[in-house]
Amino acid sequence: MSCSCNAGQCTLRLHSWAAPQFRTPRQVNGSHHATRNSAFILDSDDHGAGTDHGSQQCSSITCTSGHMHSVVLQIVAGQGTTAVEILQQIPGGQVDVCIVPVGGGGLIGGIAAVLKAANPKCWVVGAQPSASDIMRQSVKAGWIVEAPSQDTLSDATAGGIEEGSITLQPCQQYVDQWVLVDEQEIADAMVSLMYHHSKLVEGAAACGIAAFRKLGQQMQGKQVVMVSCGGNVAVPVLQHVLATGNVWQ
């Protein structure tokens, strides 16, 4: 599920399935040798921006590195299909801003790679709970850092990042801005989505919505997409959110 917002009006969208082609380094260059430095290569049938079929602008994601594991690469490529769906369903494929919750970086890495291939000017925002923002800290440091995480409603994005993870590089390369949201902001987003749209999402899924709210006037007049996926909420957590969350008016 994603939310596209323009001039303060939000529309929830459910996506159909789409899958870009995944290719290995050998399939790209015919070589047995991979580059030492990580690089996400984006192949497209049409690199021009602003076409009527934005989803066709990126037909495959290719990742090359001497240390990348093919299973992880395919997961990141699979996450990129969300962006393909967004481009297919947003009128004209025009996305000015995309806000994505971030934990280990796989989801935003795949999505951002596709969106940047379709439109390099697309502004990609990573949303994390302030209680656990390891990826943001890692991008700032230039390497994967070890830092403590506190309890958070966004438990699906909480925790550390595996040493040597390939997801750091696409976050460094494609994420333009990081927004941190606190626990009250996450609870408010969850309650507000339930109240206004009858949608129950988990804390991680609400991070992007809370980040959009926090950005406020910066998003005015822009075509904004918030990726909101996941609805695993334990009953005690839901009770807490309903008791403490405030509905946005």
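Atom CD1 in Ile186 sits 11.0 Å away from atom CD in Glu202 (nearest 0.5 Å). Rounding to the nearest 0.5 Å gives a distance of 5.5 Å between CG of Leu115 and CG of Leu87. How far CD of Glu146 is from CD1 of Ile161: 11.0 Å, rounded to the nearest 0.5 Å. Atom OG in Ser132 sits 10.5 Å away from atom CG in Asp155 (nearest 0.5 Å). Atom CD1 of Ile108 and atom CE of Met135 lie 9.0 Å apart (nearest 0.5 Å). With values rounded to the nearest 0.5 angstrom, Lys222 atom NZ is found 10.5 Å from Gln94 atom CD.
The main-chain N or O of Asp182 is found under 3.5 Å from a side-chain atom of Glu185 such that the two form a donor-acceptor pair. The backbone N or O of Cys122 sits less than 3.5 Å from a side-chain atom of Lys116, completing a donor-acceptor pair. Between the side chain of Glu183 and the main chain of Leu153, a donor-acceptor pair closer than 3.5 Å is present. In this structure, the side chain of Asp188 engages the main chain of Asn246 through a donor-acceptor pair within 3.5 Å. A donor-acceptor contact shorter than 3.5 Å links the side chain of Thr81 to the backbone of Gly78. Side chain of Gln150 to main chain of Ala131: no donor-acceptor pair is present (N/O by atom type, distance under 3.5 Å, no hydrogens or angles). Under the 3.5 Å distance criterion, the side-chain polar atoms of Asp176 are matched with a main-chain donor or acceptor of Val124. A donor-acceptor pair is defined here as one N or O able to donate and one able to accept, closer than 3.5 Å; such a pair exists between the side chain of Ser192 and the backbone of Trp248. Formation of a donor-acceptor pair under 3.5 Å by the Ser228 side chain with backbone atoms of Ala205 is found in this model. Lys214 places a side-chain N or O within 3.5 Å of a backbone atom of Leu180 that can act as its donor or acceptor partner.
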| query | When you look at Thr167 and Ser165, which way does the side-chain hydrogen bond (donor to acceptor under 3.5 Å, both in side chains) test go after all the steps? | reply | CA-CA 5 Å; Thr167 57; Ser165 173; 2.8 Å; yes
| Pair Val100-Leu107, side-chain contact (heavy atoms from CB on, under 4.5 Å): steps then yes or no | CA-CA 8 Å; Val100 186; Leu107 179 63; 3.8 Å; yes
| request: Would you check, one step at a time, whether the test side-chain contact (heavy atoms from CB on, under 4.5 Å) holds for His196 with Val247? | output: CA-CA 9 Å; His196 292 294; Val247 176; 3.7 Å; yes
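When each of Ile209, Leu238, Val241 is paired with Met190, the side chain to side chain contact (heavy atoms under 4.5 Å, CB included) condition holds for Val241 and for no other. In summary, of the residues considered (Val139, Val125, Asp133), a side chain to side chain contact (heavy atoms under 4.5 Å, CB included) with Trp178 occurs for Val139 alone. Partner Pro101 forms a side chain to side chain contact (heavy atoms under 4.5 Å, CB included) with one of Cys229, Cys207, Ser154, Pro129 and no other, that one being Cys207.
Between Val237 and Val233 the shortest heavy-atom distance is CG1-CG1, 4.0 Å. Closest non-hydrogen pair, Ala127 versus Ile99, comes out as CB-CG2, 4.2 Å. Between Leu200 and Met194, the closest heavy-atom pair is CD1-SD, 3.6 Å. For the residue pair Val114 and Gly80, the shortest heavy atom distance occurs at CG2-O, 3.6 Å. Across Thr152 and Ala158, no two heavy atoms sit closer than the pair CG2-CB, 3.7 Å. When all heavy atoms of Cys98 and Ile111 are compared, the closest pair comes out as SG-CG2, 4.1 Å.
A side-chain donor-acceptor contact under 3.5 Å links Gln169 and Gln173.
Side-chain contact between Pro170 and Val76: absent, with no pair of heavy atoms (C-beta onward) separated by less than 4.5 Å. In this structure the side chain of Glu163 never reaches within 4.5 angstrom of the side chain of Ile144, judged on heavy atoms.
Remark: Gln177 CD is packed, more than 12 non-hydrogen atoms of other residues, nucleotides or ligands lying under 6.0 Å away.
There is a path of hydrophobic side-chain contacts, each under 4.5 Å, that joins Trp143 to Ile134.
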